[in-house]
Amino acid sequence: MLSPRHGEVHMDMDMGMDGMDGMDMSGATGEMHMVFMNSITTPLYSDSWTPSGAGAYAGTIIFLIVLGIVFRLMLAGKAVAEERWLDAELKRRYVVVQGKLPVAEQVSTDSFSKKMTLTENGVEEDVMVVQKKTSHRRPWRLSVDPLRALLDTCIAGVAYLLMLAVMTMNIGYFIAVLGGTFVGSLLVGRFYNSEQH
């Protein structure tokens, strides 16, 4: 049940649809107003989580700040895990199969490879420069992909909880989410690429 804000006129509208009968819409014209408010009794996630006073409101604000920090920690944790998984994949031992060329011979016969001389501090070394032809798709691994899916699901869940807090249009909740994001990025932002999320 929605309650009117800012002294608006409350009106009941019967929508005539199943599950929508008697739905209350606030506002004289039945519109939802998108303005921030500063009420300390704004419910968060459910009617049972409605701060009853300044202390409960402060606790809710602290919860949202911590949730924002946890969100950034989860993003950083996933980035570190992805880096470790890639390192482990690149360090895997490969076995030479009879009848197939070893990697060194494949590189030397590759049309995209070029022999060059690398010079550093007067020391010359012959090197083979190889151009990457296509993108490498990493294989599905039971040891990695379920954990990656679980991390992504948890990150999405926390992100949606933060979004719902902002959608209450409570200015305190909004600033708390931004504050948690700021503090979390300040603590662990260097561990992940912000363009990813």
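As the structure is a computational prediction, the values presented were derived from the model and not from experiment.
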Fill in the blank from the handout: Between L64 and A176, the two heavy atoms sitting closest are CB-CB, 3.8 Å
Practice task
Working to the nearest 0.5 Å, report the span between CG of L147 and CH2 of W85.
Solution key: 4.5 Å
Practice task
Would you name the heavy atoms of S39 and N170 that are closest together and state the gap between them?
Solution key: O-ND2, 2.7 Å
Exercise for the section: Examine distances only and state if a side-chain atom of T60 and a backbone atom of A56 form a donor-acceptor pair shorter than 3.5 Å. Expected result: yes
Exercise for the section: Decide yes or no on side chain to side chain contact (heavy atoms under 4.5 Å, CB included) for V166 and L178, but give the supporting numbers first. Expected result: CA-CA 9 Å; V166 169; L178 290 179; over 6 Å; no
Practice task
Dump the intermediate steps for side chain to side chain contact (heavy atoms under 4.5 Å, CB included) on K78 and I155, then the final yes or no.
Solution key: CA-CA 9 Å; K78 182 174 186 279; I155 288 169; 3.8 Å; yes
Exercise for the section: Please step through side chain to side chain contact (heavy atoms under 4.5 Å, CB included) for the pair L67 and L161, ending with a clear verdict. Expected result: CA-CA 9 Å; L67 193 62; L161 287 175; 4.0 Å; yes
Handout entry: Hydrophobic cluster identity match, M34 and F36, side-chain contacts under 4.5 Å
Key = yes
Fill in the blank from the handout: CZ of F174 to OG1 of T168, rounded to nearest 0.5 Å, is 10.5 Å
Exercise for the section: Give a yes or no on whether the backbone of F182 and the side-chain of S185 come within a donor-acceptor separation of less than 3.5 Å. Expected result: no
Practice task
Under the side-chain contact (heavy atoms from CB on, under 4.5 Å) rule, collect the residues that match up with L73, sequence neighbours excluded.
Solution key: I69, V188
Practice task
Please check if the side chain of Y57 supplies one atom and the backbone of T41 the other of a donor-acceptor pair under 3.5 Å.
Solution key: no
Problem - Pair R148 + D145: basic N to acidic O under 4.0 Å - result: yes
Exercise for the section: Find the distance between CG (L151) and CD (E82) and round it off to the nearest 0.5 Å. Expected result: 8.5 Å
Exercise for the section: Output yes when a side-chain donor or acceptor of Y173 lies under 3.5 Å from a complementary backbone atom of T42, and no otherwise. Expected result: yes
Handout entry: T181 side chain reached by R72 side chain, heavy atoms, under 4.5 Å
Key = yes
